[in-house]
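Contents: one structure, followed by commentary.
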Amino acid sequence: MGSLTNSEIPIVDCAIISDGEYSLSLKDSPEFKEFATSLGNGFCQMGLVYFINHGIEESIITDCFTASKAFFELPASLKAPYTRLDQAHLRHGYAPPRGDFKEQLALAGNKMYLQSAYPSETPQLFPAMTTFIGKATTLSKKILLALGLHFGLDDAEYLIKLHSDCFDDTGSRDSWADMKTRFYHAMTDDDLATIGPDHLRLPEHPDGDTLTFLVQDEAGGLEARNGAGVYIPVPHVPGALVVNAGLSLELWTGGRIPGVLHRVQLIKEKAKEIRQSLGYFLTANGDAECDILVEQKPGWKWSDRLPVPGKKLEGFYLKEIQIIKERHYDKNDGSRSAMRYNRI
Ligand SMILES: O=C(O)CCC(=O)C(=O)O
Ligand SMILES: [Fe+2]
C-alpha cells in the first residue's frame, strides 16, 4: 500500500468477509467483531475508506470497464435510444454529454428493468455489471451487519432490514441498489481552452444513498472533504474499492458517519486521457423509516439536506439529484461548479 502511506484515508481489510454467503452468525465471531470495530471507526473518520481484500476480483472490474468503454464508444445515434426518460428514471438509462465532457449509463439493480436497460449492441455489459452487482450486494449486506454491531443496535440486522429490497433476489421488489458507469472524455486542446481554471470533471456533491462502492481507473482525480473541511486526494489504489457514506447513513448515525462531500478534479496531466469510474449505490427501501438510530455526534445538527426523521425515505434520493442538477446544469453551462453545500 505504498501509495497510501501518507494518506489519512482509513484502509479497511475485508479479508474475513470476502468469501461466502451472508449469515447472521457472522456476528458471533471475534474476528468479525474486530472487523466491525475497524470498519465503524474508519467510516467515522471522514465518511470514506478504502476496502482492500474485498473479494471483487480485478477481472470483474476490468470486464465492467471494458464493456462500458465499448458502449460509450458507440456512435451517438446508437446510444440515444437508451437515454433515460425523465426525472423518474434518473437512475436508469443513458445520460449523453451536456457540454461537460462526460457521459454515463445508470443501470438500476432491479431485475424487472434489466432487460430493457442493457444495450443490445454491447451484450458483454450485462454479465459484467450484474456480476459486479451480485458481489457488491453480498458484501454490502455483511457491511450493514458490521455497522449494526459497531453501533450496538438492538437488532444487529436492522440496517439490513431497511435495505431488504436490495437483497431480494426474486425480482419482485423495486430495489434501489444501482450501478452507474461513467465515462469522462479525453479532452482536446480546444476543449481545454473553453473551460475555466476551476473546472471540475465532476462537481462537488454528497451521495444521497447509504453507501457507495466506487472504482476509478488510473486517471484518478477523485477528492473528498476530510473532517477538517479540507479536500484531499483519493488516489487510485490498484485493487482497492473506495467506499463512501451517503446522507442516509449520516442521518441514521446522527452525524457519526458523515455523508462525505466529494468531487472529481481535472488533473492537468491527465486531462487528455479518458477517465472511467464505476459506482454501486446502496440505497434503503423507499418505505424505510428515517430516524437517528444512535447517540448523535456532539455538535452535529440535522440539516434539511438530509432525509427527514420520522418520514419515509421515498423520493429523497431523486430530490438530491434534482438539487445537484439544478445547481450545476440548469443555471450553469455544465462546465463549472457553483454549488457549495453549507454544512453545519
Ligand atoms: O467518477 C467518480 O469517480 C465519482 C462518481 C461519483 O461520485 C458519483 O457517481 O456519485
Ligand atoms: Fe458521488
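Note that ligands are numbered from 1 as they come in the structure, with each ligand's atoms numbered from 1 the same way. Just so you know, these numbers use all the heavy atoms, side chains as well, and skip hydrogens, waters and symmetry mates.
When each of K297, R256, R305, K301 is paired with E250, the salt bridge (Lys or Arg N to Asp or Glu O under 4.0 Å) condition holds for R305 and for no other. Test L249, T137, L144, T212 against L282 for side-chain contact (heavy atoms from CB on, under 4.5 Å) and you get one pass: L144.
Counting atoms of ligand 1 from 1 in the listed order, those under 4.0 Å from a heavy atom of F281 are 8 (C), 9 (O), 10 (O). Numbered from 1 in the order shown, with element, the atoms of ligand 1 that lie under 4.0 Å from a heavy atom of S277 read 1 (O), 2 (C), 3 (O). Below 4.0 Å from some heavy atom of H262 lie the following atoms of ligand 1, by number and element: 7 (O). Applying the 4.0 Å criterion to heavy atoms of L202 picks out, from ligand 1, the atoms 4 (C), 5 (C), 6 (C), 7 (O). The atoms of ligand 1 that sit less than 4.0 Å from any heavy atom of V264 are 1 (O), 2 (C), 3 (O), 4 (C). Each of the following atoms of ligand 1 lies closer than 4.0 Å to a heavy atom of Y184: 1 (O), 2 (C).
At a cut-off of 3.5 Å, with distance as the only test, a side-chain donor of E157 or Y22 sits close to an acceptor on the other residue.
Ring orientation note: the planes of Y118 and F126 are nearly perpendicular, at an angle over 60° on the 30°/60° scale.
Residue D207 approaches the Fe ion (ligand 2) most closely through its N/O/S atom OD1.
Aromatic rings of Y94 and Y82 (six-membered ring for Trp) have centroids beyond the 6.0 Å cut-off, not under it.
Remark: distances from the non-hydrogen atoms of Q104 to ligand 1 are all 4.0 Å or more.
Any N or O atom pair closer than 3.5 Å counts here, and Q216 shares no such pair with ligand 1.
In this structure, the protein non-hydrogen atom closest to atom 3 (O) of ligand 1 is R275 NH2, 2.8 Å.
Looking only at side-chain heavy atoms (C-beta outward), L125 and S68 come within less than 4.5 Å of each other.
Here CG of N285 is found 4.0 Å from OG of S164. Values are rounded to the nearest 0.5 Å.
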